[in-house]
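A short write-up of the structure that comes next.
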Number of protein chains: 4
Amino acid sequence: METTAGMTDARCPGSGLRSDAARRRRQIVEAASQLFADEGPDVPMERIAAAAGVGVGTLYRRFPDRIALAAAVTEATLEEMAELFRDAAHGQGTAWDGLVAVLTHRTPLRLSLGSVQALSAGATVALRADPRRRRLQVEVLEALTELVQAAQAEGSVRQDVGPGDVALLLSMIRRRPTVPDDAAVRAMALILDALSARAAGTLPGAPFSVADVGFPVRVDVPDD
Amino acid sequence: METTAGMTDARCPGSGLRSDAARRRRQIVEAASQLFADEGPDVPMERIAAAAGVGVGTLYRRFPDRIALAAAVTEATLEEMAELFRDAAHGQGTAWDGLVAVLTHRTPLRLSLGSVQALSAGATVALRADPRRRRLQVEVLEALTELVQAAQAEGSVRQDVGPGDVALLLSMIRRRPTVPDDAAVRAMALILDALSARAAGTLPGAPFSVADVGFPVRVDVPDD
Amino acid sequence: METTAGMTDARCPGSGLRSDAARRRRQIVEAASQLFADEGPDVPMERIAAAAGVGVGTLYRRFPDRIALAAAVTEATLEEMAELFRDAAHGQGTAWDGLVAVLTHRTPLRLSLGSVQALSAGATVALRADPRRRRLQVEVLEALTELVQAAQAEGSVRQDVGPGDVALLLSMIRRRPTVPDDAAVRAMALILDALSARAAGTLPGAPFSVADVGFPVRVDVPDD
Amino acid sequence: METTAGMTDARCPGSGLRSDAARRRRQIVEAASQLFADEGPDVPMERIAAAAGVGVGTLYRRFPDRIALAAAVTEATLEEMAELFRDAAHGQGTAWDGLVAVLTHRTPLRLSLGSVQALSAGATVALRADPRRRRLQVEVLEALTELVQAAQAEGSVRQDVGPGDVALLLSMIRRRPTVPDDAAVRAMALILDALSARAAGTLPGAPFSVADVGFPVRVDVPDD
DNA sequence: AATGAATGAGCATTCATTCAT
DNA sequence: AATGAATGAATGCTCATTCAT
């Protein structure tokens, strides 16, 4: 009896294609993730297929249409985010450290998500309808909420922002590919500073919860 | 009593067919600005024409292709920004007040600019080639530089950021149409807080001038 | 009391525009003739108007549509051809000399005609309906017939060709702009040789009258 | 018993999907050839596709644009001409018989070529750049040259014309779809008579080689 | 009556999606 | 089940023609 991971890796003679198909699927989602981020949500499906090393037909066998593919990319992205948050929560650092880790790690990840969601209003609706993705999203949002509240409890994040403010701020930020690394890092540092308890300005209005900024909250959503 | 020729030629300066056409042109640029921001750089030209209340043909008479239209939108946007900066400089408030005014006024304006520049590499090149637009861009960047430096001189902006950092930060911000006004205002306020001299964080690296982030510096979204 | 020519030139105070309008009309037809020949029957009307130094509106005032303009060009061309034939008939040379003169004179003229007629089946029908043009065409064809018959009578043109053959042969020849002058001259000389009584080959079938090759015979009709 | 992969890969050489696609391709080129000749170089692509019994998309999959299609038609035409010349050379008749065969066989063939090349200057440039087509063209021109020279050697073609004259003459001839067959045959016969050694006229200038009329010599219609 | 702006239908081309092999 | 060919709907752009000035 192995772990689940071990099971899926096992290549039973009668289902030899299983792992093959799974690998292909992964390749496709990865290629799509990359291309959505690099070239926007309108990349030709054929280009995605080519990047994944398969024919369009194969792509369409797995994902009935562009929306389904986008949903898969979104799901993968949400999974990565969820993991990031888990790591942040279970690490031994402060909540602030966790927040920093989450916000500075793997920026491109957020781009993918954003690009995908920029598909269209219709697409977004479709994405929301998927219960699996919905659960992930809620998980991520709850983790963000906890992290922010923990940071406020420890005094590192100012009291007049809410988790929704953080989510929204993130959603408004997009790094274009031409921005050099060090500059982007400074910009993120500035934004973190804005959240820090040492910031002394006064914000208009009251803190937003994630629910306040729309549900299911777009954790991040640059668009195109 | 003039000749017929004289009569038909006689038109109030600023009115007549000329002004009609000018009005339409303005409508087109405005509609394009809005739609580029709302729906991305690929909005069907027909939709832009419809939003402007003209036929496609009219749109194309003024702007030979999408790129030309984008250039016009960019120029209009730069002009608005230049005016904002002029107002900020000549107002009787502090430089900080000016900065706040510029950064919180008419957020959508920056959005348009970004969307437009997201057109394509080719488009960006074309836009840069236009001397008129280039001049405007330099003007805006100089004004931004002056404003930031004045604010630093009066002690309201932290010393470890440069005008380039501000420009870059702005270029990374994008407001999606679904984000409610008050939330966007809070987000901008947060970012201003980050720039304030009261912010206590430490930034990695050294301040950027606008030239540091590319020349002719893109005030905002570099491109795609 | 002047000649008719004198009358039309006279500029009565009350109709000062008359000669002006006529001049414009001539300019338009000339420009169209040139452009139809140079760029084919699809030249943009706007380009024709520009070449004639008028606005499109003016062009359309004179000629309700492209077909009407083409008809005018055709008519002008037919008039030139009719004059060529009159000259050939009333000259003191032989009929052969006349034939040579007609066939080698002003090649471009034929091009214009052909280009125009290449407009479309509908256009051709419309052109035929014009009685004025029809009369001219008949006149030209009769002159061609007489000239060929006279040449045969004097023994210079072979007996086994008919006027229809000549018309047809001409209609199949087109000089593209890139063919150099001397080469075109040699080609025409070859063709004349083919018609000459000294040619000894035997032709399949019997001589064609102009009526045999369709009425109203296209005197010449390269197309596009 | 092979693996499934082996089975699916196993197809009779020359058949299967490949041959299906090839057949379609041939249909398209044929339809285009016909329509370019009949309706000029501007026939709607959709009409060509319809005539070939395929959708536009299929047409565009094979030929990225109109120019590419025209190039294919030109190539096919050149191939037919090359074959005609081979037949003429290897037949047991005289060189004169060969010349007659080439010049009277399949007139429409030349028409297509001409129509296609009439596309535009840009198209012509593109066509010339293709090495395959260039080779064919040279082959055809060489064959023409040999045939004419052989005919002159046997005394059947007049000495004062060169292969270039023949090529040029052909390039100037265009049969319009409305010209009846028998009339066209008579016209070609006339032209052949002009080339015959029995023709007694004198040509201005000296014989042209194919190189004299431009290189790589256009066998036929120079272009537009 | 001249002008050139406005309109919209038409055609080229692209690409999502389906389907035969 | 994988492939890539076929389809046709969507969209950019052009130009004939109409109309306001």
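Source: prediction; values computed, not measured. Lettering follows sequence order; numbering is per chain, from 1.
- Each end of the helix from E:dA2-F:dT21 to E:dT21-F:dA2 gets its own axis, taken as the rotation carrying the C1' atoms of four end pairs onto the next four within a five-pair window, and the two axes meet at 0° to the nearest 10 degrees.
- Contacts classified as salt bridge (charged side-chain N to carboxylate O under 4.0 Å, His left out) and involving residues 26-35 of chain B (residues at least two apart or in different chains) are not found.
- Between the P atom of E:dC15 and the CG atom of A:Leu69 lies a distance of 17 Å, rounded to the nearest Å.
- When all heavy atoms are compared, the tightest approach of B:Ala21 to B:Arg62 is CB-NH2, 3.3 Å.
- Straight-line distance from the CG atom of D:Asp42 to the P atom of F:dT14: 15 Å, rounded to whole Å.
- Atoms CD (D:Glu46) and P (F:dG8) sit 10 Å apart, rounded to a whole Å.
- The minimum heavy-atom distance linking C:Leu35 with C:Val43 is given by the pair O-CG2, 3.8 Å.
- Listed by first and then second residue, the salt bridge (charged side-chain N to carboxylate O under 4.0 Å, His left out) pairs involving residues 43-57 of chain C are C:Glu39-C:Arg47 (not counting sequence neighbours).
- Under the rule for a side chain to side chain contact (heavy atoms under 4.5 Å, CB included), the partners of C:Ala76 that lie at least two apart in sequence or sit in another chain are C:Val29.
- Protein atom CZ of C:Arg25 is 13 Å distant from nucleotide atom P of E:dA2, rounded to whole Å.
- Shown here for D:Thr58 and D:Val54, the closest heavy-atom pair between the two residues is CB-CB, 4.0 Å.
- Residues that satisfy the salt bridge (charged side-chain N to carboxylate O under 4.0 Å, His left out) test with D:Arg25, not counting sequence neighbours, are absent from this structure.
- Of all heavy-atom pairs between D:Ile48 and D:Ala31, the closest is O-CB, 3.9 Å.
- Comparing F:dT11, F:dC13, E:dA12 by their nearest atom to the side chain of B:Met45 picks out F:dC13.
- In terms of heavy-atom proximity, D:Met45 sits nearest to D:Asp65 at CE-C, 4.1 Å.
- If you check E:dA12, F:dC13, E:dA2 against the side chain of B:Asp65, the one that comes closest is F:dC13.
- Here E:dA6 presents its P atom at 9 Å from CZ of B:Arg23, a figure rounded to the nearest Å.
- Distances shown here put every side-chain N or O of A:Arg66 at or beyond 4.0 Å from the OP1 or OP2 atom of E:dT17.
- C:Asp20 has its CG atom 11 Å from the C1' atom of E:dA1, to the nearest Å.
- Between the C1' atom of F:dA5 and the CZ atom of D:Phe63 lies a distance of 14 Å, rounded to the nearest Å.
- Contacts between residues 54-62 of chain A and DNA chain F, defined by a heavy-atom separation below 4.0 Å, involve A:Val54, A:Gly55, A:Val56, A:Gly57, A:Thr58, A:Arg61, A:Arg62, listed by number.
- What separates CZ of B:Arg24 from C1' of F:dT21 is a distance of 12 Å, to the nearest Å.
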